[in-house]
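Here's the structure we're looking at; comments come further down.
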There are 4 protein chains.
Amino acid sequence: MSLTDETRTQSGQPARLTRAQRREHFLDVAAALVAEGGFEAVTMESVAARAGVSKGLGYAYFDNRGELLAALFERETGEMDRPATTAADREETFEGKVRATVGVVFDVVSQKGPLLARLLRAEAEGPVDERRRKRQRVIEQRWARLIAEEFGVDEATSRAAAAVMLSSIPRVIELWATGKGSREELTETYTRMCTAAARDLGETG
Amino acid sequence: MSLTDETRTQSGQPARLTRAQRREHFLDVAAALVAEGGFEAVTMESVAARAGVSKGLGYAYFDNRGELLAALFERETGEMDRPATTAADREETFEGKVRATVGVVFDVVSQKGPLLARLLRAEAEGPVDERRRKRQRVIEQRWARLIAEEFGVDEATSRAAAAVMLSSIPRVIELWATGKGSREELTETYTRMCTAAARDLGETG
Amino acid sequence: MSLTDETRTQSGQPARLTRAQRREHFLDVAAALVAEGGFEAVTMESVAARAGVSKGLGYAYFDNRGELLAALFERETGEMDRPATTAADREETFEGKVRATVGVVFDVVSQKGPLLARLLRAEAEGPVDERRRKRQRVIEQRWARLIAEEFGVDEATSRAAAAVMLSSIPRVIELWATGKGSREELTETYTRMCTAAARDLGETG
Amino acid sequence: MSLTDETRTQSGQPARLTRAQRREHFLDVAAALVAEGGFEAVTMESVAARAGVSKGLGYAYFDNRGELLAALFERETGEMDRPATTAADREETFEGKVRATVGVVFDVVSQKGPLLARLLRAEAEGPVDERRRKRQRVIEQRWARLIAEEFGVDEATSRAAAAVMLSSIPRVIELWATGKGSREELTETYTRMCTAAARDLGETG
DNA sequence: AATGAATGAGGGTTCATTCAT
DNA sequence: CATGAATGAACCCTCATTCAT
């Protein structure tokens, strides 16, 4: 977020950034706006204003508002999902993987604040929703496979269970963010709930 | 939905409704619009047009767009939450109550179609979000009490558990709506997950 | 053009016009703008500004810019084509009809100034072009029939001849408007050219 | 059109062109764009993009967009008007000259496709319109002189007649382009119409 | 000679909201 | 109670043009 607000040279001219820098800058600004006011607050105009740049410049970097939002979604979720996957891969058990995943999510959210909650929950505008659905599918499949393998749950059930478990993560984060529990307590509770649920589905199912 | 579209007398005049009827009519129309196109589709103009009434009339019944939406939210969630509570109250066990609640939700969603899904998920405009938060608090507290009492889970944990469980319900409905499982399978899976999780939290916690 | 520019009451408020009046007013303003600067000069914004009315009001009367332009085209060409047809119908010979038509065109153009020339010539935006093509087809067919009947010209040739003749009318008007000839001289020359051409095509063809 | 698209050396560098070559290349690209989408499609940006060159470079060769379009107009109409004049000069009679001119127009249009039609008809932006008027004046004078000399028509009338005749040529081309007649039929009809008209004006006038 | 980042103005369109009638 | 004309602000998007490098 080093470039978020002021990007002006001493001469008062807006800084002339390279293409990649400006693009990141736009995404930084958009992230801040989502964090503050949700998707609605992200306007090509509001982004430009906050970036200290002229109205039309955003269109040199993103085809339209939807694509800007989609790019933001991909950047931010990627920064969470990659380390989460890595951390989970290091663990042997489902319980360990759940705990590791939640741990990474807490880490990322600690930095990103309300941004991710909004990114994941908001009623989505077209292009973002597409990305969201794709991401959801990918992650749910991974969890479903783990559940099926470790607990012997049949495929259909394990897919539903994965969906149910994952859909709660934003709420867990929200509980933490609003002071309804410590990170450790919430991690423990959520992990145990998932593990117990998966084990139970495997026993009788 | 009895008044949704045609509210004209045989003389072609707009029907003369009582204040309360007119208000309900507005909400009926708004409900239909949310079901079709989400919150965004609810415009003071679109509502008036569909209600067969002049543009400014809505303001005689609702302070502004936000309040119209909030009133809709309260009416619709109330029509789900009251029967859900009643049904749950008739059951003895947590498992029974979960199953009963989910059953009512499926029933209502079957009738109301996409309306409720949208009402519960959408990125909320201010006044709606207020109501949403309040409703969430009330319902979570009820579930938390049940969990605490039946499984001997401490208060903080049972509140987190209730929040986690409830946050998944929209996803369960979505799975059903998108054909990812039958009503029976999903009810069973979800109920077992909740019950197993609660039981586990009670054992060690 | 009585309403063209100032439509304000003594109190300084913009006049509150009936729907039909306001619509006509918009078309009057658009006509003036086309006359001055061609199609490009007609902007929803420029029209509103000249009409002394807020930017968005035009959209309460026309779906979009294209439809405003199309409505203008229909109104203006209709005011020329209806009397032209009537006048032509009163004449017996092709020569008489040509003369009568050109006479009406001159009459209308005298009032409307450069408006019609621009309306008929401009590279058309979609919706206008549609109307233009339709009008052209109708009028050419009428002339073609006359030529075929009076001079015994075969159908294909008479259709081409009608198209050729009619395509020159805007230029005739332009010659007059730029002082390259009197109304009488130009009418006489054009009428004789058409008649001689038609007769010739009938003789050998 | 030899340079239209690919102007890169094997090394992938943009080809190093002489100033004159680069200018021609810009005009080639602009011509292609007009042919495809009319004047509106010619953007300093679209031209640069298609030419494989940076956005600002056009301004090193043309003062502004209007001058680029004007240069295109002059180049393209010149390539039609010079052979047309040559061909007409080889003929003795007015009839022959008309036929020869129309022949060249057909030839050029066959190659250039929709480009010329658009160039000649489009609602003109300032600088282009200037050139168009000048060209019109020159060509009309030449035809007027022919009519005056061969048929003994007085000067004013022959100027009007020339204007009338020439204004139909784009329509003749359009008839052909839209399949409303063969090249031979249309040439014959148009030529006879012009000749008969001129002869008639000479007789009584 | 050439690049490409950036501006700034204009124009299309939608809506919540107000208010004269 | 009800209408519907009108406002005004916000947004989306495109482009001619400039200018630092």
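Just so it is clear, the structure is predicted and the values come from calculations on it, not from any experiment. Within every chain, numbering begins at 1; the chains are lettered A, B, ... in the order of the sequence lines, protein sequences first and strands thereafter.
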Write down the distance between OH (A:Tyr61) and C1' (F:dC13), rounded to a whole number of angstrom. 17 Å
Is C:Arg22 close enough to F:dG4 that one of its side-chain N or O atoms is under 4.0 Å from OP1 or OP2 there? no
Base, sugar-phosphate alone, or nothing: which one does B:Phe62 contact when heavy atoms must sit under 4.0 Å apart? nothing
Is the closest basic N to carboxylate O distance between C:Asp28 and C:Arg75 below 4.0 Å? yes
May I have the distance from D:Leu57 (atom CG) to E:dG4 (atom P), rounded to whole angstrom? 11 Å
Once each nucleotide of nucleotides 16-21 of chain E is scored for protein heavy atoms under 4.0 Å, what B/S/- sequence comes out, 5' to 3'? SBB---
Hey, are the side chains of B:Phe39 and B:Val128 touching, using non-hydrogen atoms and a 4.5 Å cut-off? yes
Distance below 4.0 Å between A:Arg19 side-chain N/O and E:dG4 OP1 or OP2: no
Hey, does the Lys NZ or Arg CZ of A:Arg19 hover above the aromatic six-ring of A:Tyr61, less than 6.0 Å from the centre and inside 45° of the axis? yes
Given E:dA6, F:dT3, E:dT3, the nucleotide with the shortest approach to the side chain of A:Ser54: E:dA6
To the nearest Å, give me how far apart CG (A:Leu17) and C1' (E:dA5) are. 9 Å
Protein-nucleotide distance (C:Phe26, atom CZ; F:dA5, atom C1'), rounded to Å: 10 Å
Output the pairing pattern of DNA chain F as a dot-bracket string, 5' first, Watson-Crick or G-U wobble with both distances under 3.5 Å, | for cross-strand pairs, [ ] for crossing pairs. .||||||||||||||||||||
Write down the distance between CG (A:Leu69) and C1' (F:dC13), rounded to a whole number of angstrom. 16 Å
